Amino acid sequence: MKYYLIVGEASGDLHASHLMRSLQQEDPEAQFRFFGGDLMSAVGGIRVRHYKELAYMGFIPVLMHLPTIFRNLKFCKQDITQWRPDAVILVDYPGFNLKIAKYLHKERIKAQKASSLQGRAGVGFPQIYYYISPKIWAWKEWRIRNIKRDIDQLFSILPFEVDFFEHKHHYPIHYVGNPTAHEVREFRKKAYSSLLTGEGSFSAVAMKAAEPSGGGAPLIALLAGSRKQEIKDNLPAMIEAATPYASDYQLVVAGAPSIDEEYYAPFIEGKPVTLVMNKTYELLSQATAALVTSGTATLETALFEVPQAVCYKTPVPRLIRFAFNHIIKCRYISLVNLIADREVVPELLADRFSVENIRNELRRLLPGHDARTAMLFDYRIVQKKLGGDIAPDNAARLMVHYLRCPKG
């Protein structure tokens, strides 16, 4: 069967690449065409757009790139229509993907009406699957109407979403497990195996660049986000907050795969930090503590059992705090706290974002402090709630089943 996947950022590229491999196991004849990245390309199929051509964040960047966004939307619709896949798999990235789903739903209705008028039994049209469901529980909850109307099957990777979609909105979904949890488990198994066979470790191999600051020193990881605006907003404060610890720890910035190395230069020049590109898991596997911008990275850090503080600078911080307290539907911004349903990691958001606050929280995360011990204990709650299922395998099994038996 033919699968058309749409991904808009680096994390989606990772998760979609694993889903594609699982689909190949369930459907040996699987063909892929996609908007995606290098990891998906390594699996196979035809990449028609790189996700870097889609990833715009914030009102101004989106406004400036509206012509490009509209061109990509138009091209994507035409490409799907011409290729005629059996399934279109939307991966996160709701601003773009929900528009594609709306278009496909309308085209399906038009085709069904035309088929009925012409006296034919029906017209084949792709099933619309959503893998990694839109986070409408946090913002734009009204999108549930679009999801109910346009999506055939929704696959969730966060356990608390089941209650939100099924109990609150009466829309059945599939919780398939969490792919990040599986990816971290697999990485840690391989890393442990490498240590046993003497193939080296991150400290000895990937941290060559950090030797000037003392190759054997413990690490503090700085994960400032996967988008340029996030890095610009958060990294300078993270570095300033962590600098007093540079005599005892290596301060290592995790370079995001979607960002060119040169972009980091102005932020780290003359600072006691090292940049390591595309080695986030290796870094977290060795880190003592971390400063992290919200997103999947907060969950990854927890799964590597690294104490962390979440840092997120916003414009008009007092207004954002008011919105967070009175308008935004969720209590937390980090996946760790959302899954645990309580504050496990401190969230330095909006008016709580300052160099002094970040530095104070970082101190509490280092060995010898009770806050570190408590956080490591609470991480076990998060791991238990996520479960041990292999998300891409479960999702692929269900997708192929519904393609072969559309009525379930």
Side-chain angles (χ1 to χ4, degrees), residues 2-17 19-20 31-41 45-114 123-136 138-155 226-230 257-259 399:
K2 298 163 68 174
Y3 304 87
Y4 198 108
L5 297 93
I6 306 173
V7 161
E9 54 191 357
S11 61
D13 181 35
L14 174 65
H15 298 323
S17 69
L19 176 62
M20 289 164 67
Q31 301 176 51
F32 300 115
R33 191 174 177 90
F34 54 88
F35 278 46
D38 300 336
L39 296 175
M40 296 170 72
S41 294
I46 299 172
R47 186 178 76 204
V48 294
R49 286 285 191 279
H50 199 286
Y51 68 77
K52 290 182 180 180
E53 300 177 49
L54 307 176
Y56 304 113
M57 177 186 176
F59 178 76
I60 298 300
V62 168
L63 194 63
M64 291 174 61
H65 293 91
L66 273 179
T68 301
I69 293 169
F70 286 138
R71 281 196 299 270
N72 282 327
L73 275 167
K74 182 178 179 181
F75 173 79
C76 185
K77 294 171 184 177
Q78 292 173 342
D79 200 48
I80 292 172
T81 301
Q82 291 172 4
W83 198 55
R84 298 180 64 82
D86 297 285
V88 173
I89 303 173
L90 311 170
V91 183
D92 205 355
Y93 198 55
F96 188 95
N97 277 333
L98 287 175
K99 290 182 177 64
I100 296 298
K102 181 178 180 180
Y103 164 79
L104 292 174
H105 175 77
K106 283 186 175 181
E107 292 299 302
R108 176 190 290 172
I109 296 300
K110 285 164 56 177
Q112 289 172 342
K113 287 181 178 178
V123 177
F125 214 79
Q127 290 288 295
I128 307 168
Y129 298 149
Y130 216 121
Y131 182 61
I132 307 182
S133 52
K135 298 173 180 61
I136 63 170
W139 190 248
K140 298 184 179 180
E141 191 170 348
W142 53 264
R143 281 176 164 171
I144 187 63
R145 298 193 301 269
N146 305 60
I147 291 171
K148 285 183 173 182
R149 182 191 64 213
D150 301 333
I151 306 301
D152 294 309
Q153 302 290 339
L154 190 148
F155 302 89
S226 60
R227 298 180 175 92
K228 289 183 177 180
Q229 190 63 47
E230 291 176 332
S258 58
I259 306 297
M399 288 176 183

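Atom set for the values below is all heavy atoms of this structure, side chains included, hydrogens, waters and symmetry mates excluded. One-based numbering along the sequence shown. Only a predicted model underlies this, so the values are computations on that prediction, with no experimental measurement involved.
- Under the rule for a ring-ring contact (aromatic ring centres under 6.0 Å, His included), the partners of Y129 that lie at least two apart in sequence or sit in another chain are F155.
- Annotation: side chain to side chain contact (heavy atoms under 4.5 Å, CB included) contacts of Y103 (sequence neighbours excluded): K77, T81, E107.
- Evaluation of the side chain to side chain contact (heavy atoms under 4.5 Å, CB included) rule for L73 yields I69, F70, F96, K99, I100 as partners, not counting sequence neighbours.
- Partners of K135 by salt bridge (charged side-chain N to carboxylate O under 4.0 Å, His left out), not counting sequence neighbours, listed by chain and number: D92.
- Annotation: side chain of D79 is not in contact with side chain of R49 (no heavy-atom distance under 4.5 Å).
- A donor-acceptor pair under 3.5 Å is absent between the side-chain atoms of H15 and the main chain of V91, judged by distance alone.
- The ring-ring contact (aromatic ring centres under 6.0 Å, His included) search around Y130 returns none, not counting sequence neighbours.
- Under the side-chain hydrogen bond (donor to acceptor under 3.5 Å, both in side chains) criterion, S133 pairs with E161, not counting sequence neighbours.
- Take K228 and apply the side chain to side chain contact (heavy atoms under 4.5 Å, CB included) test, not counting sequence neighbours, and it matches I259, Y263.
- Under the side-chain hydrogen bond (donor to acceptor under 3.5 Å, both in side chains) criterion, H50 pairs with D38, not counting sequence neighbours.
- Under the side-chain hydrogen bond (donor to acceptor under 3.5 Å, both in side chains) criterion, Q127 pairs with no residue at all, not counting sequence neighbours.
- Evaluation of the salt bridge (charged side-chain N to carboxylate O under 4.0 Å, His left out) rule for K102 yields no partner, not counting sequence neighbours.
- With contacts defined as side-chain heavy-atom distances shorter than 4.5 Å, the pair F35/N97 does not qualify.
- For D152, the side-chain hydrogen bond (donor to acceptor under 3.5 Å, both in side chains) partners are R108, not counting sequence neighbours.
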Q) Given M40 and R47, is the side-chain contact (heavy atoms from CB on, under 4.5 Å) satisfied, shown in steps? A) CA-CA 8 Å; M40 296 170 72; R47 186 178 76 204; over 6 Å; no
